[in-house]
Amino acid sequence: MRFSQAFIPTQKQIPADAEVPSHQLMLRTGMIRLHLSGVYSFLPLGWRVLRKVAQIIREEMEQIGAQEFLLPTLSRKDIWEKTGRWQQAGDLMFRLKDRRGADLCLPPTHEEIFTSIAAGEIRSYRELPQIWYQIQTKFRDEPRPRSGVLRGRQFLMKDSYSFDTDQEGLERSYQLHRRAYLRIFRRCELETFTVSASSGIMGGSESEEFMISSPAGEDEVVLCRDCDYAANLEVATAGEQQSDSPSPSAQSQAEKVFTPEKKTIEAVSEFLELSPSRLMKSLLFISERGPVMALISGEDQLDEAKLNRELKCEFRPATPEEALELTGAHLGFIGPVGLKKEVMIIADLSLKDQDDLLTGANQDDFHLKGLEPGRDFRVEKYAQLRMVQSGDPCPCCGAALEISPAIEIGHIFKLGTKYSQALEATYLDPQGEQHPIVMGSYGIGLERIVASVIEQHSDKDGIVWPISIAPYQIHLLPINPAHQETKELSEQLYQGLLGKGLEVLIDDRELRAGTKFKDADLIGIPLRATIGEKGLNQGKVEIRFRKSGKVIKVDKAVALAKIEEIVREMEKTVQSSEN
RNA sequence: CGGGGCGUAGCGCAGUCCGGUCAGCGCGCAGCGUUCGGGACGCUGAGGUCGUGGGUUCAAAUCCCACCGCCCCGACCA
């Protein structure tokens, strides 16, 4: 490509609306432009990168025997009703009606459609296993799109689905994907790690996320420094620490204290000069199984996912009116002692065997102190309810846990039979018995890979592309295209490299050298060949590595061969590191 | 959805509190000249319904109301 004819609108200034580095750089290099919140146009440079990522994904998917499909981006309602997700997806799903008033949606994922194809076509165990995939636009009306393409409302996803006869087969398909994903990320030169994760609305038994560590990430992962434990904060658990400070007064008695207007843990703790660890948070919820009070230490946060796991049903915070009715007090003064009505009480494990605790007295402006669970109030159940905090002990080895932000770029699920049962995707076994197909589903966010690569591979001057997904492999930079020898040699190199099947961008613009150098660094093509009078006087062409800044001077006669050799070498390095 | 910020030329911004040479600056863009290996310099020039609609006023980028849009924090997140 000739830069003079290319549409690569680079920007010197950092766009005001971008905060994370990958977003800024994608805008500045002219890869993307905003169309509406969370929806971006990909310009030629960005699209080239995206296509390269897609190509790597295709190669690795084909490698595990997956077959590419292309499903619709418009879907009918009935299959979503059968799986319950027409309801469940709520506002996240874009919905529309056709001219006859039929309900349609823009699928946020494609389990329903793939499964309905399987349901219509697969009859026998002989036709299994199958792995089907596509690279397709997904639509999700995210409550808050952010960070450029990292969380968009429309994005490209490689989604694949495995269909097996049994759990063992699923395990095989799952492991195939796991390995394929690791190869894909390695080829993109992404440093990833996996964490166990919540399967959320997807359902199923087990899921893992592929993460890259980044301050731009929206997920929080819990990592153990000493062992392999790694989990999304959503599902992380901590080992239980033994309370090394035994409660001060073993024979404390429940006692009412006057705490006017002190509603929060901080306010009460300050007012009574008590450590928040002595305080107990009483949180009231209304669940499908009735009112529930969750008790946790004053220094912890409730992890709603964990409460959900214990309750096994939907719940929501009680309104102030409901709290008053159930406890006799306003929020801020509620507690487990002397409730007006029947409320299920579930307490965090850390409160077990504690005493001399303080919480609301169910009377406005009063708290109760000296409380002991079991003695002063009944607890239906103890469970880990608190959010894991940095420094908590690892559940596996006891070492301190760390929490750090991360970007989720892939997620693999063992779905089981949730969708096959709902949509009647079954097969006959050798005995002629009918069974639901056992499914897995596997996703990779394409734009997230691109943005993540930039997050991991950029410096103050711009992007530093890995050669595997760089928009071009070589950036030819004739300093002064008007200079005869410069022009001739750079043209010769350009045509020669193209002839070798390489991807070349030649900056033939009549601009000052500095401007062209800055653009070259910004765009970040891994190899740059500079052709200028200074070098030509010695018969040399300069080859510069974007990553290291290292420059080698080669004789102009061998420049073509040398550049090709270096490109092939760089490509091979990535390939060979993958095994 | 709650909280905060913002919307003035392609980009980055000043002007808004206190209504009246406030339609301005830098970059970019076009032309000419000098320059020419890390975002040059000079001169000239083009380019803006001041997000939209309504209101107040002799007069509105500026004050009031409504709406739209973008960003950030939170809630949420397959």
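Letters A, B, ... are given to chains in the order of the sequence lines, protein chains preceding strands, and every chain is numbered from 1.
Contacts of A:K556 classified as salt bridge (Lys or Arg N to Asp or Glu O under 4.0 Å), with partners at least two apart in sequence or in another chain: A:E485. Checked against salt bridge (Lys or Arg N to Asp or Glu O under 4.0 Å), A:D303 has the following partners two or more places apart in sequence or in another chain: A:K306. Qualifying salt bridge (Lys or Arg N to Asp or Glu O under 4.0 Å) partners for A:R544, counting only residues two or more places apart in sequence or in other chains: A:D521. In this structure, A:Y472 has no ring-ring contact (aromatic ring centres under 6.0 Å, His included) partners at least two apart in sequence or on a different chain. Applying the salt bridge (Lys or Arg N to Asp or Glu O under 4.0 Å) test to A:E310 and every residue at least two apart in sequence or in another chain returns A:K381.
Going from atom CE of A:M387 over to atom P of B:A75 covers 8 Å, rounded to whole Å. Rounding to whole angstrom units, CZ of residue A:R153 and C1' of B:C71 are separated by 14 Å. Rounding to whole angstrom units, CG of residue A:L92 and P of B:A75 are separated by 17 Å.
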Can you pull every protein N or O that's under 3.5 Å from an N or O on nucleotides 13-15 of chain B?
none

Just the table, please: protein N/O against nucleotides 40-43 of chain B N/O, every pair under 3.5 Å.
residue	atom	partner	partner atom	Å
B:A40	OP2	A:R512	NE	3.3

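Within the structure, side-chain hydrogen bond (donor to acceptor under 3.5 Å, both in side chains) pairs that include any residue of residues 24-41 of chain A comprise A:H23-A:Y40 (at least two apart or interchain). Residue pairs that meet the side-chain hydrogen bond (donor to acceptor under 3.5 Å, both in side chains) test with at least one member in residues 523-534 of chain A, sequence neighbours left out, are A:R528-A:T530. For residues 291-301 of chain A, the salt bridge (charged side-chain N to carboxylate O under 4.0 Å, His left out) pairs, not counting sequence neighbours, are A:D300-A:R386.
Looking at residues 31-44 of chain A, you'll see A:L34, A:L36, A:S37 sit with a heavy atom under 4.0 Å from some atom of RNA chain B. Contacts between residues 529-536 of chain A and RNA chain B, defined by a heavy-atom separation under 4.0 Å, are made by A:T530, A:G532, A:E533, A:K534, A:G535.
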